[in-house]
K.L.:
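For reference, the structure I am asking about is given below.
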Amino acid sequence: MSEQTQTQPLTSAAAARGPLAMQAISVSKDFRIGRHQTLHAVRDVSFNLYRGAVVALVGESGSGKSTAARLLAGQERLTSGAIQLDGKRVEVTSRGDFRRYKSHVQLVFQDPFSSLNPVHTVRYHLERPVKLHQGKDTDVDAEVAALMEQVRLTPAKQFLTKYPHELSGGQRQRVSFARALAARPSVLLADEPVSMLDVSIRLEMLALLDDLRQRFKLAMLYITHDIASARYFADEVLVMYAGEIVERGPAEEVTQHPAHPYTQLLVASAPDPDNLGSTLRRKTHRSGAADSSGRLGSEAAQKPGSAATAGCPFSPRCSFADDHCFAEDPALLQISATRGAACWHLDAAAPELVAKRPDNEGTSSSAPIGNESTN
């Protein structure tokens with residue numbers, strides 16, 4: 001992003017739930033994809049996770065969501081930036097450091113079948129993390145039974161001797177949740193945890209995650225391409241495009257009144273039974289922001305997560321883009337105390353929101369906000 005003077009900090013909508021657990025501070029990750037080309041998968045991303053709260057990271061495939069989760073989980077090395085856990089900078093330099101870190105931070109993967117070893121039983125998948133993370137004095141059998149109860153796989157004896165292929169998709173994912181809980185973490189990173197499950201049980205699985213969040217005061221990062229489920233499940237929504245956070249704010253506000261043109265596109269495309277985005281669909285159709293196929297702007301749309309180009313990464317797809325957008329990448333501009341969006345033309349994209357700004361400037365050309373407040 002361009003270097004500009006930062007002003008007010010943004011307050012997270014999740015901060016009221018509990019104390020700060022984890023911080024991602026200006027995190028970036030680059031991959032070499034050729035002799036003279038670099039993929040900027042995550043670019044200068046900052047956010048906080050709080051105990052008992054859910055922060056949703058939303059975006060289409062290739063936007064950098066999973067890479068961000070792997071960075072927080074310690075499975076990828078940072079190119080730049082820092083991660084803090086309970087106020088201390090995370091430095092994973094050995095296998096022992098990694099094991100201790102995994103006692104606090106657990107990652108649940110998208111595919112429950114590939115994340116479980118097909119040659120081992122459910123009992124093995126749960127006993128191993130209990131022994132690794134809970135010490136020699138732990139009653140392993142009692143702990144495994146308790147884990148099965150927590151994820152509602154009962155009676156436990158019916159499932160412990162089964163292999164992953166003998167379970168349904170939902171049951172396998174419950175085992176994945178139980179395995180993560182075996183480490184007794186304070187932070188749970190859930191990477192598309194329901195996207196590969198039948199639609200009929202997705203809401204049930206999200207309700208289970210919500211119960212676990214409340215019961216164990218977990219700080220949770222929920223990664224999804226489905227902004228409608230983020231509205232249902234999360235306290236705060238971070239919208240990611242081409243490795244950058246382009247909008248953030250309270251889940252209800254972002255999904256009901258999106259500010260950034262990309263967020264508007266996501267909301268308008270959401271298949272939600274409450275007609276999430278139905279008004280927006282009519283609005284964008286009238287304004288010409290979307291063509292009949294639902295695509296924005298240029299046919300030569302930049303692929304999310306592709307090698308960086310100058311300017312706003314969404315500009316090739318945006319109907320509001322001008323020379324300024326193609327030349328300079330905007331920082332997050334403050335809409336309210338808890339909301340921000342990275343767009344040079346918020347006055348055109350979301351005039352009703354800009355009009356309510358506390359400074360009454362009515363323009364999107366103000367100074368960018370500072371780093372997220374830890375209060």
Side-chain angles (χ1 to χ4, degrees), residues 17-22 49-54 69-75 83-110 112-164 167 170-191 193 205 208-222:
R17 289 279 194 181
L20 178 64
M22 174 175 274
L49 301 179
Y50 297 86
R51 295 295 294 264
V54 179
R70 290 196 297 270
L71 290 171
L72 267 61
Q75 296 183 346
I83 295 171
Q84 291 188 352
L85 180 66
D86 295 327
K88 298 179 180 179
R89 182 165 180 155
V90 175
E91 299 285 355
V92 179
T93 58
S94 67
R95 292 185 65 179
D97 290 340
F98 184 70
R99 179 174 294 181
R100 284 187 289 273
Y101 183 63
K102 297 303 288 183
S103 294
H104 301 282
V105 180
Q106 284 286 308
L107 173 62
V108 175
F109 296 94
Q110 177 179 3
F113 190 80
S114 62
S115 65
L116 300 176
N117 193 325
V119 302
H120 289 299
T121 63
V122 170
R123 180 187 295 278
Y124 173 88
H125 285 93
L126 300 185
E127 283 185 348
R128 187 168 184 269
V130 168
K131 293 175 181 178
L132 283 174
H133 296 289
Q134 295 191 26
K136 297 179 181 179
D137 297 332
T138 303
D139 185 336
V140 176
D141 289 339
E143 184 64 24
V144 167
L147 290 169
M148 296 292 282
E149 178 71 28
Q150 289 160 8
V151 299
R152 302 170 193 169
L153 282 177
T154 54
K157 291 181 180 180
Q158 179 179 331
F159 297 97
L160 288 175
T161 59
K162 291 183 179 293
Y163 291 86
L167 304 175
Q171 290 169 344
R172 286 194 292 265
Q173 195 63 298
R174 289 173 191 268
V175 173
S176 296
F177 295 159
R179 182 176 59 178
L181 292 175
R184 296 183 177 173
S186 59
V187 177
L188 184 65
L189 312 172
D191 186 3
M205 299 303 291
L208 172 60
L209 277 176
D210 191 52
D211 175 64
L212 298 175
R213 169 193 65 82
Q214 296 182 59
R215 193 186 313 179
F216 300 107
K217 294 297 180 184
L218 294 170
M220 191 175 296
L221 180 67
Y222 171 60

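All of these numbers come straight from a predicted model, not from anything done at the bench.
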K.L.:
Who pairs with Gln75 by side-chain hydrogen bond (donor to acceptor under 3.5 Å, both in side chains), at least two apart in sequence or on another chain?
P.N.:
none
K.L.:
Phe177: which residues meet the ring-ring contact (aromatic ring centres under 6.0 Å, His included) condition with it, sequence neighbours left out?
P.N.:
none
K.L.:
Hey, could you give me each pair passing salt bridge (charged side-chain N to carboxylate O under 4.0 Å, His left out) that has a residue in residues 113-132? Not counting sequence neighbours.
P.N.:
Arg123-Glu127, Arg123-Asp141
K.L.:
Check side-chain contact (heavy atoms from CB on, under 4.5 Å) between Ser114 and all other residues, then give those that pass, not counting sequence neighbours.
P.N.:
Asp111
K.L.:
Which residues pass the side-chain contact (heavy atoms from CB on, under 4.5 Å) test with Phe216, not counting sequence neighbours?
P.N.:
Gln150, Leu181, Leu212, Leu218
K.L.:
Mind checking what makes salt bridge (charged side-chain N to carboxylate O under 4.0 Å, His left out) contact with Arg70, not counting sequence neighbours?
P.N.:
Glu76
K.L.:
For Arg95, check salt bridge (charged side-chain N to carboxylate O under 4.0 Å, His left out) against everything at least two apart and list the hits.
P.N.:
none
K.L.:
Who pairs with Gln171 by side-chain contact (heavy atoms from CB on, under 4.5 Å), at least two apart in sequence or on another chain?
P.N.:
Leu153, Phe159, Leu167, Ser168
K.L.:
For residues 121-156, which residue pairs qualify under ring pair (Phe, Tyr, Trp, His ring centres under 6.0 Å), counting only residues two or more places apart or in two chains?
P.N.:
His120-Tyr124
K.L.:
Which heavy atom of Lys102 sits nearest to which heavy atom of Gln106, and what is that distance?
P.N.:
O-NE2, 2.7 Å
K.L.:
Give me the atom names and distance for the closest heavy-atom approach of Ala180 to Pro185.
P.N.:
O-CD, 3.4 Å
K.L.:
Holding to salt bridge (charged side-chain N to carboxylate O under 4.0 Å, His left out), I want the full list of residues that pass it with Arg172, two or more places apart in sequence or in another chain.
P.N.:
none
K.L.:
Once side-chain contact (heavy atoms from CB on, under 4.5 Å) is applied, do any residues pair with Ala219, and if so which ones, sequence neighbours excluded?
P.N.:
Ala21, Leu49, Arg51, Val187
K.L.:
Identify the two heavy atoms, one from Leu189 and one from Ala69, that lie closest to each other, and give their separation to 0.1 Å.
P.N.:
CD1-O, 3.5 Å
K.L.:
Could you tell me which residues satisfy salt bridge (charged side-chain N to carboxylate O under 4.0 Å, His left out) with Arg99, sequence neighbours excluded, listed by chain and number?
P.N.:
none
